[in-house]
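All remarks here apply to the structure that follows.
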Amino acid sequence: MSKKLKILIFPDPKLRTVAKKVDKFDKSLKNLSEDMLFTMYDANGIGLAATQVDKHIRLVVMDLSEERNEPMVFVNPEYNVNKDHNLIEFEEGCLSIPGFNQNITRPDSIELKWQDLDGIQHTTTPEGMLTICIQHEIDHLEGKLMVDYVSALKRDRVRSRLLKDFNRK
Ligand code: GNR
Ligand code: NI
């Protein structure tokens, strides 16, 4: 059975950990990706990086479908920005920064490479929401968060609010 994992909340310093490459494509990797999908669906998120559940490996899960029935798993995802890209602004949210929604500007055209749970290599040029979401998730694997794209004032405000919430629990 799948297990609900605890999601780390900003400013938890563990969210700043740089994740290690996956080199063992075993049952424990499959189990973790199932637990992460379960946790993501439970939290109504569209993506989740292993970093957010305090597992510091390069593993991301996602489901961008309306019906929430198209789970995707990306192992060791990486991207290059295409030369002819434009910048797009999109209002992002993050399960590790509850109540914080911000317009973030990112390149709109990338070449994405990843492995699946069997270690098979894939490459695509994604479209739409996948382009944005995978950049958000790969940021997590690098210890980077949405708050790093906004002013220090906004960052300090959300940090104070979430620390207060944390101390009330
Ligand atoms: O659930 C999520 N929604 C979202 C919306 C816009 C851009 C990115 C995201 S990812 C986020 C879940 C999350 O925190 N993933 O790391
Ligand atoms: Ni996030």
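FYI, side chains are in, hydrogens and waters are out, and symmetry mates aren't considered; it's all heavy atoms of this structure. Read the numbers this way: they start at 1 and go in the same order the structure lists the ligands and their atoms.
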Under 3.5 Å between some N or O of ligand 1 and some N or O of I132? no
Please work out whether any backbone atom (N, CA, C, O) or any side-chain heavy atom from C-beta onward of H136 is under 4.0 Å from ligand 1, and answer side chain, backbone, both or neither. side chain
Please state which part of R106 comes within less than 4.0 Å of ligand 1, counting heavy atoms only: side chain, backbone, both or neither. neither
Geometric cation-pi criterion, R16 with F10: 6.0 Å, 45°: no
Provide the number and element of each atom of ligand 1 under 4.0 Å from a heavy atom of M129. 6 (C), 7 (C)
Check each atom of ligand 1 against the heavy atoms of E92 and keep those under 4.0 Å away; list them by number with element. 6 (C), 7 (C)
Looking only at distances, can you tell me whether any N or O atom of G45, backbone or side chain, sits closer than 3.5 Å to an N or O atom of ligand 1? no
Apex the Ni ion (ligand 2) - arms SG from C94 and NE2 from H140 - angle rounded to 10°: 100°
Please state whether M40 comes within less than 4.0 angstrom of ligand 1, counting heavy atoms only. no
Hey, is ligand 1 close enough to C94 that some N/O pair sits below 3.5 Å? no
Heavy atom under 4.0 Å from ligand 1: found in H140's side chain, backbone, both, or neither? side chain
State whether the shortest distance between N or O atoms of Q52 and N or O atoms of ligand 1 falls below 3.5 angstrom. yes
Closest non-hydrogen atom pair, T39 against K3: OG1-O, 3.7 Å
For F25, is the NZ or CZ atom of K30 found under 6.0 angstrom from the centre of its six-membered ring and inside 45 degrees of the ring axis? no
